[in-house]
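These numbers were taken from a predicted model, which means no experiment stands behind them. Remember, it's 1-based here, ligands and their atoms both numbered in the order they're listed.
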Amino acid sequence: MTIGKLFVVSAPSGTGKTTLLKRVMAQLPGLSFSVSHTTRPPRPGERSGVDYHFVSKAEFLSMIDQGLFLEHAEVHGNRYGTSRTAVDQQLMAGVDIILDIDVQGASILRRLGQLEATHIFISPPSITELEKRLRGRGTENEEMLAVRLANARVELQAVKDYEYLVINDSLEETVDLLSSIIVAERARAHRFPSGKPIGDRVRS
Ligand code: ADP
Ligand code: 5GP
């Protein structure tokens, strides 16, 4: 069996990444979402084990000490990390995985160079629209909103490091574009060099 493929997706907070990914996953089979660990408190409606594994700072630090994260970063004042085992298990089972991680996490993975991944950056049409969406979501107080908007300007500069840029203007069109990228990447011939399964190149 072929080892699964990794899709790293980053976007400034409020761009619509969560909304888009839920839709894309509903229409593309064989695609799984890596549930990260975070110290951020849950938003209304978020469920532990589904949206995130919500953990205390002490638990998070202990996981770092045990080397359980493939990557982790502090984003907007909270900690977020990707479990090494969860990603490994799914890839080995042949499942393609979406990693919804920030630009720092994506950069760590690139530097590690252990896993092949397609890096996709989702951008809002403008900062004004981003602010509108963040306010519309109603999950951030004024202070957190300002932090997320300030960070967005920095994060947008990382787009040059990604293979794909997707601008989330019309939701329907963006879902189609994102799905098309994933479908095309899945079909790439270089996944099977000289007839070898990709797994021979995934593990170092
Ligand atoms: P993120 O996961 O990137 O932080 P969300 O998926 O939570 O963002 O979306 C932020 C807000 O923007 C939500 O209220 C969502 O309904 C809205 N939204 C997402 N995509 C669009 C779009 N293309 N046009 C208008 N609003 C959108
Ligand atoms: P939010 O608090 O809005 O859910 O997420 C804030 C930011 O944290 C987003 O940019 C999201 O992609 C990022 N994030 C979520 N999980 C992880 C993770 O495991 N690692 C890293 N580096 N960033 C993450």
Less than 4.0 angstrom from a charged side-chain N to a carboxylate O is my criterion; do R135 and E140 meet it? no

Heavy-atom gap S13 to ligand 1 smaller than 4.0 Å: yes

Where E185 and Y164 come nearest, the two heavy atoms and their spacing: OE2-OH, 2.7 Å

What atoms in ligand 2 come closer than 4.0 Å to a heavy atom of R40? 1 (P), 2 (O), 4 (O)

Relative to ligand 2, is R148 under 4.0 angstrom through side chain, backbone, both or neither, heavy atoms considered? side chain

What part of D169, side chain from CB on, backbone N/CA/C/O, both or neither, has a heavy atom under 4.0 Å from ligand 1? backbone

Identify, for atom 4 (O) of ligand 2, the protein heavy atom at the shortest distance, and state residue, atom and that distance. Y52 OH, 2.6 Å

Which of these, E173, R137, E172, K17, has its nearest heavy atom closest to atom 4 (O) of ligand 1? R137

Distance under 6.0 Å and angle within 45° of ring axis: K160 vs Y162: no

Going by distance only, is there an N or O of E129 that falls short of 3.5 Å from an N or O of ligand 1? no

Sub-3.5 Å N/O-N/O distance, H72 and ligand 2: no

If you scan protein heavy atoms around atom 6 (C) of ligand 2, the nearest is Y80 OH, 3.5 Å

